[in-house]
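For ligands, and for the atoms within them, numbers begin at 1 and follow the listed sequence. None of these values were measured; they are calculated from a predicted model.
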Amino acid sequence: MGFLEEIQRRRTFGIISHPDAGKTTLTEKLLLFGGAIQEAGAVKNNKIKKGATSDFMEIERQRGISVSTSVLAFNYQDKKINILDTPGHKDFAEDTFRTLTAVDSVIVVIDVAKGVEEQTEKLVAVCRMRKIPIIVFINKLDREGKDAFDLMDEVEQKLGLTVTPLSFPIGMGYDFQGIYNLWEQNINLFSGDSRKNIEETIAFSDVQSPELEKIIGQKPADKLREELELIDEVYPKFDRQDYLDGKLQPVFFGSALNNFGVRELLDCFVEIAPSPRPKDSETRLVDPEEQKMSGFVFKIHANMDPKHRDRLAFIKIVSGTFERNKPYYHVRQKKNLKFSSPNAFFAEKKEIVDISYPGDIVGLHDTGNFKIGDTLTEGELMSFKGIPSFSPEHFRYINNADPMKAKQLDKGIDQLMDEGVAQLFTLEMNNRKIIGTVGALQYEVIQYRLEHEYGAKCTYENFPVHKACWVKPNDPKSEEFKEFRRIKQKFLAHDKYGQLVFLADSDFTIQMTQNKYPNVKLFFTSEFE
Ligand code: GDP
């Protein structure tokens, strides 16, 4: 197979959802269809349950699982599918945001009874910002839930999407009979006593046909016809380009647990979802079809074995082919690196590969060369855009609790920050270190890992910050900026890239500050124009 065909057949995507909507179940069913696994239960759920907060063993176990489920690849029809794992737990939202920079599309799973939940809203907002093509899968139709039309309204309003159904449920919960597939124009009956059998599909291009009554009964048939008419009137026709441009989002219904509606989703997905897309770098747009290799690090995972300090850096290949033992240029460090055992991922296993293509994820063993966001090229001085830091929501001083281990502590903090576990801010005034996280759970993870992997001990101390604002003065030499620096000096810090950050204690302070110093701009993410 040629280079271009290899690119065209790749589908790299993420499944996002609020915890418990059915992301793990759906992932597993997709792998079953791909023949990549033989039985249910093979895909590990890497959820951290509420209440497991102080259970360190649980955190360790989760880290192990999260390596094995980071990328799940399989072949389906003639396509190579790469599913990137996105943690649903809100304390790991930052990890998910970063993973979203490496996907070419997403599937959003929504629980039919719960509707759009908080975490879904946040993640979809990020996808919308990045114009990532989205397919919506409404799950758990075997249960009583919200009316399908109401739910689509909710999806449009809360998620700011424009939807059009490509499948539609016939009944729901106890009366769930199956699905009308608008994409393939057939009916798929939910059958079998156990309701777990692989479905029976009946081609049905004309719903006016009296055959419909025979199959699903008079009343449901009338209802379905009405509903399809309504769909025709109210929702836009599906248009692939609109979907690819992020302007239209197709909706599917099903029950992942019952293996129902999943094949329809997958068949449509492989047909419409984008192959690897061009990606913006700071200097230019990079096309996947370019011959020269380029890629970027979107995730770093520490080795599970504390005796081996090496880590696995996950690289998304953007262009060209990534080859084993070939030197690549590490743009930030300005040096060439060679990798003798790059890992590729297949189903839930990883293996050494000689060549990878755009869209693929390669796992590279790393002894501390990589940070999240790093770019590899064949020599071009170029960095990919798009891995911003968001303002953390919690802030604490980190103190050394063992004076003999100051070096270990610094090294540990440094490496954990490179992995993206949390963000470090160093106060300008006194060089004290502040750790910012998305969730409180991270503080325990950091403390535990510092002790077990680096032999260092730390304590925390509260620091009342509401938000970190990245600071950009219109004119760094202006009196206004000098005054801002003088007045706010107690609250100024640097992030790990040396960017100036204002640690504000409230929204009110941010507002006041912005009013008083209109030429000193404050940003809530580290990426700004
Ligand atoms: P995740 O947190 O989004 O990964 O959700 P899981 O896949 O772990 O699913 C959460 C729970 O919902 C599990 O108990 C699943 O068995 C259940 N579940 C998933 N899909 C369905 C479905 O289609 N119907 C029903 N009734 N339960 C489901």
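- Contact between Lys237 and Asp232 at its shortest, heavy atoms only, is NZ-OD1, 3.2 Å.
- Note on Asp245 versus Lys131: no salt bridge recorded, every NZ/NE/NH1/NH2 to OD/OE distance being 4.0 Å or above.
- With a 4.0 Å heavy-atom cut-off, ligand 1 is reached by the side chain of Asn139 but not by its N, CA, C or O.
- Close approach of ligand 1 to Ala256 is summarised as follows: ligand atoms under 4.0 Å from at least one heavy atom of the residue are 23 (O).
- If you number the atoms of ligand 1 from 1 as listed, the ones under 4.0 Å from a heavy atom of Asp20 come out as 1 (P), 2 (O), 3 (O), 5 (O), 10 (C), 12 (O).
- Counted within 6.0 Å of CD on Glu226, heavy atoms from surrounding residues, nucleotides or ligands total 12 or fewer; the atom is thus considered open.
- For the pair Leu31/Glu28, no side-chain contact is recorded, criterion being any heavy-atom separation below 4.5 Å from C-beta on.
- In terms of polar-atom proximity, Leu141 is not counted as a contact of ligand 1, lacking any N or O under 3.5 Å from an N or O of the ligand.
- No donor-acceptor pair under 3.5 Å is formed between the side chain of Asp495 and the backbone N or O of Phe425.
- Using a 4.0 Å cut-off to heavy atoms of Lys23, the atoms of ligand 1 that qualify are 1 (P), 3 (O), 4 (O), 5 (O), 7 (O).
- Inclusion of Pro19 in the set of residues having an N or O under 3.5 Å from an N or O of ligand 1 is not warranted.
- Heavy-atom proximity to Ser17, at under 4.0 Å, picks out these atoms of ligand 1: 3 (O).
- Contact annotation for Ser255 and ligand 1: heavy atoms of both the backbone and the side chain come within less than 4.0 Å of the ligand.
- The proximity of Arg143 to ligand 1, defined as any non-hydrogen pair under 4.0 Å, is limited to the side chain.
- Residue Leu26 has no N or O atom closer than 3.5 Å to an N or O atom of ligand 1.
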Task: ring-ring contact (aromatic ring centres under 6.0 Å, His included) assessment of Tyr180 paired with Phe168 - done: CA-CA 5 Å; Tyr180 183 76; Phe168 203 78; 9.1 Å; no

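- With respect to the salt-bridge test (charged N to carboxylate O, under 4.0 angstrom), the residues Glu118 and Lys158 do not qualify.
- Between Asp142 and ligand 1, at least one pair of N/O atoms sits closer than 3.5 Å.
- Atoms of ligand 1 lying under 4.0 Å from at least one heavy atom of Thr25, given by number and element, are 6 (P), 7 (O), 9 (O), 15 (C), 19 (C).
- Inter-residue side-chain proximity for Arg98 and Ile372 is flagged as met; some heavy-atom pair is nearer than 4.5 Å.
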